Structures are given as C-alpha cells and as structure tokens.
Amino acid sequence: MKEGPEEWQARLETIAPELIEELNTKKEPDKGLKPLDVKEGESVVMRFAPNPNGPPTLGSTRGIVVNSEYVKRYGGKFIIRFDDTDPQTKRPMLEAYDWYLEDCEWLDAKPDEVVIASDNMEVYYDYARQLLEMGHAYVCFCEGGDFKKFKDAKEPCPHRDHAPEVNLEHWDKMLAGEYEEKAAVVRIKTDIEHKDPAMRDFGAFRIVKTAHPRPEVDDKYVVWPLLDFEGAIEDHVLGMTHIIRGKDLMDSEKRQGYIYNYLGWEYPKTTHWGRVKMHEFGKFSTSGLRQSIEDGEYSGWDDPRLPTLRALRRRGIKPEAIRKFMIDMGVGETDVSLSMDTLYAENRKIIDTIANRYFFVWDPVELEVEDAVCCTVNPSLHPSEDRGVRCIDIGSKLLVCKSDVESAEVGDMLRMKDLYNIEITSVSPLKCKCIGDSMEDAKSNKMRIIHWVPEDGIPVKVLAPQGEFIGIGEKQIVDELDNVVQFERFGFCRIDSVDDGVVAYFTHK
RNA sequence: GCUCCGAUAGUGUAGCACGGCCAAUCAUACAGGACUCUCACUCCUGCGACUGGGGUUCGAAUCCCCAUCGGAGCACCA
C-alpha cells in the first residue's frame with residue numbers, strides 16, 4: 001500500500017511530534033562565501049601565490065580577495081608569496097612585485113607577510129637532498145620524449161632505480177652547473193603504474209641557466225624547483241591551514257601528497273574555483289598584453305581598455321566594489337564568464353552619492369541665443385546630497401551636444417537644464433531665443449531637457465574602453481582632480497589630470 | 001590516448017554533504033511603470049532555470065548509472 005506525505009505527517013505526529021516544527025522551518029539561503037572548515041579555536045593561515053610576471057588583473061583579484069576575506073573572518077594570517085621560480089618561460093617582472101603589494105593594499109588585503117620563493121632556494125635544496133637520500137626522488141637523464149614513453153607504458157625509466165648515493169652525486173653535479181639545460185631533472189617517485197598518467201613521477205627540479213631578474217638572485221642558481229615542489233614545501237613551511245586556488249591546480253594536491261607523505265606532513269585543506277572570464281575582455285595573456293603594450297597598441301598597463309587593477313583604479317572603480325563582486329561570486333568549481341556590468345552596478349551604488357555632477361558636452365555645436373542676457377547660474381553639485389552649488393557664467397552662446405540638436409527644426413522648444421527654455425529660430429546657423437525660465441512651461445510643453453556648457457568652457461578628453469570622447473566641460477571640473485564625478489547624461493568619470501584641459505577616464509554609465 | 005572535475009533563468013548565485021519545506025533564492029541584465037530639471041539614483045511590477053535519458057523512492061534539483069556538453073591535468077610553465 002502506497003503512502004503519501006499526508007500519511008507520513010500523520011504518522012510523525014504520533015511518533016515524534018517535536019519534529020513537526022523542524023519540518024516546517026524554512027532554511028535561510030546563504031550568501032557569498034561558505035564557511036570554512038576550521039577547527040575550534042584554530043587561526044587560519046592562507047596565501048595568495050602569484051607569479052609576478054605582470055600586473056594583477058581582475059583574474060588574480062579573486063585569489064587576493066577571497067583568501068584575505070577568509071582570514072579577516074576567522075582571524076589569522078594572510079600571506080602573499082611570489083612563486084617566481086621560473087626565470088625563463090614565465091619570467092618575473094621586477095616592477096610587478098611592488099604592483100602586487102600596492103594593489104593588495106588598495107583592495108584592503110594588505111598581507112601580513114611577504115614571501116619570495118627565489119629567496120628560499122636553499123630550503124628547497126635541503127628537502128630535495130632529504131628526499132634523494134630517502135630514495136623518494138631521483139635524478140633523471142631521459143629526454144622529455146623518452147620519459148613520456150616510459151611513463152605512458154607505466155614503466156620505470158632506467159634512472160629510477162639508482163641508489164641514493166648515485167642520485168646525490170648527480171644532484172651535486174646539477175647544482176654545480178655541470179649539466180646543460182634539459183640534460184637532467186629531479187623527479188619525485190610516486191607510483192609509476194598509477195592509473196592517472198598525471199600522477200606518475202612528476203618533475204621537481206630542472207636546470208635553467210638564464211639569470212633571474214632579481215639582482216639579489218641573478219645567476220646564483222642554475223637548478224630551479226617546479227611549482228609542485230616549491231609550493232609543496234612553502235605551504236608546509238609557512239604553516240598553511242587552507243588553500244583556495246584555481247581548479248587547474250587540482251592535481252597538485254594529489255602530486256604534492258606524495259611529498260607530504262614522504263616527509264610526514266599533513267596537507268592543508270583545499271578548495272578550488274573555476275576559471276573566471278570577463279565577457280568584455282577576450283582571452284588575454286600576460287605575455288600577449290606585454291607585447292601589445294610594447295607595440296604601442298595600448299598606452300600602458302593602466303590603459304582603460306585593460307582588465308588590470310591599475311586600469312580599473314584609474315577609471316574610478318572602487319576597491320569595495322571589486323571585493324563585493326568577488327565575494328558574492330563565491331568559490332564554485334564551475335568556470336564562470338561574467339559581465340563587467342555586474343561590477344559596474346556594484347560600483348555605481350558606491351559612487352552615485354559621492355560623485356559631484358557636472359556638464360560635459362561631447363561633439364559640441366554652437367547655439368546662439370538671441371537677445372541673451374549675461375547671467376550666472378548655480379546648479380547643485382548633487383541632486384540629493386547637500387553639497388553646495390556650481391557657478392557658471394553664461395554669455396550669448398552655448399554649446400550643446402550635436403546629437404541633441406541635429407534633428408531640431410525651427411519652432412522646437414528645449415529646456416536647458418538648470419537654465420532656461422529656448423525655442424529654435426534658425427537651424428543653419430543654429431540660433432534660438434530664450435522663452436523664459438519656467439519649469440512649469442517646460443513640463444507642460446513636454447520639452448526635452450538637455451545639458452549645455454558656456455562657450456568659454458574647458459576642453460575635456462574622456463578616455464573610455466570604447467574609445468575617446470572630445471568635448472567641452474564646465475570650468476569647475478578642474479577642482480575635482482582625482483575624484484570621480486558624473487557628467488550628466490554621459491556617465492561617471494575619474495578626473496585624471498587638469499593641466500592642459502581636462503583628461504578624464506570613463507568609469508561606466 | 002589516459003585521468004580528474006563540473007553542469008540551476010541572458011549572466012552570476014542559493015539550495016545538493018542529511019531526498020519532502022522548491023510552484024526553486026538573491027543579484028545583475030532586460031521589459032513595463034512611478035519619481036526626477038541627467039540617459040544617473042530610488043521605488044514598484046514583470047520576465048526568466050534544475051543539460052538529456054534511465055534507475056532507487058510514496059516522493060529527486062538533491063542519491064545511483066549512462067549520455068551530451070564544458071573545463072583541466074598527463075611540461076624541464078605558474
């Protein structure tokens with residue numbers, strides 16, 4: 001005989017009435033970051049580990065924000081560690097070390113500790129020696145392709161069974177620079193028959209004879225650790241409790257697990273997130289960007305078209321907006337592809353109340369006002385916040401946006417915002433007459449409200465991701481250097497310089 | 001080729017560990033409307049999703065299997 005929910009409920013009432021209430025309580029949905037698996041009283045240690053081979057971008061930001069946010073919530077230590085152990089292929093950029101630190105601070109994620117992997121080479125060498133002594137690692141002389149064949153066939157390569165003493169001898173020769181690049185590599189023994197080929201005897205050190213860009217390191221070392229080794233050692237030495245990183249490094253945990261087992265260490269708790277892509281920015285690689293900048297395609301790493309933090313900062317995006325954006329996204333393993341609009345919406349909420357309003361006329365055209373009276377108007381700096389007024393002197397000519405008047409006909413009436421109403425008297429040349437300043441008239445005649453600027457305004461250039469806008473703005477804009485303002489009917493901008501005319505970076509609509 | 005992940009509205013996201021509270025959350029986008037001397041802000045309203053197929057069960061977004069699609073690893077990159 002089949003039972004339905006009603007029977008169940010009835011039966012529950014007789015067996016355990018105290019559970020009925022629980023059955024009907026609504027669960028509250030969580031927002032943002034999930035709680036971390038933290039032991040009672042444990043303080044967390046987390047890190048963000050970039051390779052400083054370019055400036056931080058929106059992609060790197062997830063690592064900065066999420067890790068630092070967890071540390072803020074649980075108390076503990078946030079470490080930035082520069083994984084700069086590749087002087088060749090992903091060669092670090094000297095300036096980028098500082099850029100990361102600057103941007104972290106800007107994002108309110110100042111690290112408690114800064115670690116540079118290339119400072120700790122001796123530590124890696126020590127553990128390498130230990131593993132070689134224990135017989136858990138070996139120096140392999142196979143050519144890349146040959147090793148792959150062995151590996152794919154689940155067969156050990158001829159060097160795998162060398163005695164520790166032999167391996168140590170080879171290791172010392174490696175360190176002494178006696179082998180050429182690619183001639184020898186240190187591998188960690190895992191399980192050569194592991195069903196996942198990615199797990200079989202992975203590389204830990206290789207020879208690179210290119211000098212490191214950091215002057216304090218330079219050509220001091222020719223044997224460099226690979227990420228899985230360097231990261232494994234550092235994470236333990238630094239006492240990491242939790243690791244959150246991209247899912248491209250998912251296999252790292254399994255590989256590094258061998259090292260941790262051999263050394264008797266406990267692996268930190270790990271979480272992964274998927275790839276983040278922004279709709280507006282296609283695929284971009286740090287090296288590709290670098291090339292484009294050198295070619296002059298972009299003005300620099302803070303070109304408004306780029307997704308670097310420096311560019312977003314210059315455009316007036318607030319760090320709080322970026323933090324919220326990243327935190328609300330959570331840490332799913334799905335690859336996400338999201339739109340800048342979401343970030344802009346977050347930012348707009350913050351800047352709308354703080355940005356003063358000004359007129360900026362793009363594609364300006366002259367509009368002569370017949371019988372104009374010279375006067376001064378004082379529009380508010382902000383529509384709802386009480387922050388005082390602007391001061392604009394008017395003569396007989398105004399400048400307005402071409403798009404606002406190009407289809408105008410004689411007899412059309414327009415409201416000049418905060419000024420007066422006009423009626424077009426001539427189209428070519430464009431002339432009008434003032435027909436009073438009554439707002440009621442403007443409303444009853446359903447006049448379009450447009451903005452304007454006096455003819456002696458200041459030249460303004462707006463640099464936006466979609467291109468440049470040239471026009472004229474109110475003189476008073478020069479008081480707003482470094483502030484985010486709103487050019488009415490145009491969008492928000494950060495005033496970048498006021499030296500020779502105004503240069504503004506477009507924030508968003 | 002082998003291996004490992006993942007899949008909820010246009011875009012993100014909550015719910016999945018422990019199956020009924022889900023006629024599925026929130027945000028953003030979009031559409032309509034209100035307000036407004038900005039195309040901004042604010043406020044209402046609407047829109048819109050459990051990848052597909054089997055199975056288990058009284059009951060499946062949730063558990064199991066298969067398929068499809070997407071991502072990743074098997075580097076002397078990080």
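This structure is a prediction, so every number in the text was calculated from the model and none was measured. Side-chain atoms are counted along with the backbone in the values below, which use heavy atoms only and exclude waters and symmetry mates. Below, chains carry the letters A, B, ... as their sequence lines are ordered, and counting in each starts from 1.
A 3.5 Å limit on both hydrogen-bonding distances identifies B:C74 as the Watson-Crick or G-U partner of B:G1. Under the Watson-Crick or G-U wobble criterion, with both distances below 3.5 Å, B:C22 has no partner in any strand shown. When both pairing distances are held under 3.5 Å, B:C35 makes no Watson-Crick or G-U pair with any nucleotide shown. With both pairing distances under 3.5 Å, B:G52 is matched to B:C66 as a Watson-Crick or G-U wobble pair. The partner of B:C30 is B:G46, by the rule that a Watson-Crick or G-U pair needs both atom distances under 3.5 Å.
Comment: A:Asp83 does not engage A:Arg47 in a salt bridge, judged by the lack of any side-chain N to carboxylate O separation of less than 4.0 angstrom. The pair A:Asp441-A:Lys446 fails the salt-bridge criterion, with no side-chain N (NZ, NE, NH1 or NH2) lying under 4.0 Å from an Asp/Glu carboxylate O.
For the pair A:Pro225 and A:Arg415, both in contact range of RNA chain B, the more 5′-proximal nearest nucleotide belongs to A:Arg415. Take the nearest nucleotide of RNA chain B for A:Lys443 and for A:Ala183: the residue whose nucleotide is more 5' is A:Lys443.
A:Tyr124 and A:Trp224 have their aromatic ring centers separated by at least 6.0 angstrom.
B:G12 and B:G6 are spaced 16 Å apart, taking the C1' atom of each and rounding to whole Å. Rounded to the nearest Å, the gap between the C1' atom of B:U13 and that of B:C64 is 27 Å. Rounded to the nearest Å, the gap between the P atom of B:C21 and that of B:U3 is 39 Å. Spacing of P atoms, B:G10 relative to B:U57, comes out at 35 Å, to the nearest Å. Only the C1' atoms considered, B:A60 is 36 Å distant from B:G1, to the nearest whole Å. The P atoms of B:C58 and B:U45 are separated by 42 Å, rounded to the nearest whole Å. A distance of about 15 Å separates the C1' atoms of B:G48 and B:G32, rounded to the whole Å. The gap from the C1' atom of B:U56 to that of B:C47 amounts to 36 Å, rounded to the nearest Å.
The listed nucleotides are B:C76, B:C39, B:U11; the one nearest the side chain of A:Arg489 is B:C39. Here the nucleotide nearest the side chain of A:Val336, chosen from B:C37, B:A40, B:U13, is B:U13. Distances from the side chain of A:Thr89 to the nucleotides B:G1, B:U38, B:C77 place B:C77 closest. Distance from the side chain of A:Lys151 is smallest to B:A75 among B:C37, B:A75, B:U3. Which of B:C4, B:G71, B:G12 sits closest to the side chain of A:Lys247 comes down to B:G71. Between B:U3, B:A29, B:G12, one nucleotide has an atom nearer to the side chain of A:Asp196 than all others, and that is B:U3. Distance from the side chain of A:Ala198 is smallest for B:C74 among the nucleotides B:C74, B:G6, B:C77. Considering only side-chain atoms of A:Asp251, the nucleotide from B:A40, B:G73, B:C37 that sits closest is B:G73.
Within the 4.0 Å cut-off from OP1 or OP2 of B:G73, not a single side-chain nitrogen or oxygen of A:Arg255 is found. Contact annotation: A:Lys349 side-chain N/O to B:U28 OP1/OP2 distance is under 4.0 Å. Proximity of A:Lys34 to the phosphate of B:A14: a side-chain N or O atom is located under 4.0 Å from OP1 or OP2. OP1 and OP2 of B:G73 both lie 4.0 Å or more from every side-chain N or O belonging to A:Lys254. The shortest distance between the side-chain N/O atoms of A:Thr85 and the OP1/OP2 oxygens of B:A78 is below 4.0 Å. Between A:Arg206 and the phosphate of B:A78, there is a side-chain N or O to OP1/OP2 separation shorter than 4.0 Å.
The interatomic distance linking A:Lys417 (NZ) with B:C39 (C1') rounds to 12 Å, in whole Å. Regarding A:Asp335, its CG atom lies at a distance of 5 Å from the C1' atom of B:G71, rounded to whole Å. Between the NZ atom of A:Lys148 and the C1' atom of B:G73 there is a distance of 11 Å, rounded to whole Å. The distance between atom CG of A:Asp341 and atom C1' of B:U11, rounded to the nearest whole Å, is 9 Å. Atom C1' of nucleotide B:C4 and atom CG of A:Leu249 are separated by 13 Å, given to the nearest angstrom. A:Asn51 places its CG atom 7 Å from the P atom of B:A78, with the value rounded to the nearest Å. The nearest whole Å value for the distance from the NZ atom in A:Lys509 to the P atom in B:C30 is 12 Å. When rounded to the nearest whole Å, the span between CG of A:Leu338 and P of B:U8 equals 14 Å.
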Criterion ring-ring contact (aromatic ring centres under 6.0 Å, His included) on A:His451 and A:Phe490, from CA distance to verdict: CA-CA 10 Å; A:His451 69 293; A:Phe490 180 74; 8.7 Å; no

Test log, rule ring-ring contact (aromatic ring centres under 6.0 Å, His included), inputs A:Phe492 and A:His508: CA-CA 6 Å; A:Phe492 294 92; A:His508 46 65; 5.6 Å; yes

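Judged by distance alone, with hydrogens and angles left aside, A:Lys182 brings no side-chain donor or acceptor close enough to the base of B:C76 to form a pair under 3.5 Å. Judged by distance alone with a 3.5 Å cut-off, no donor-acceptor contact links the side chain of A:Glu346 to the base of B:U28.
When all heavy atoms are compared, the tightest approach of A:Cys142 to A:Pro158 is SG-CD, 4.2 Å.
Counting heavy atoms from C-beta on, the side chains of A:Phe82 and A:Val114 come closer than 4.5 Å.
Open room surrounds CD on A:Glu143; 12 or fewer heavy atoms of other groups in view lie less than 6.0 Å from it.
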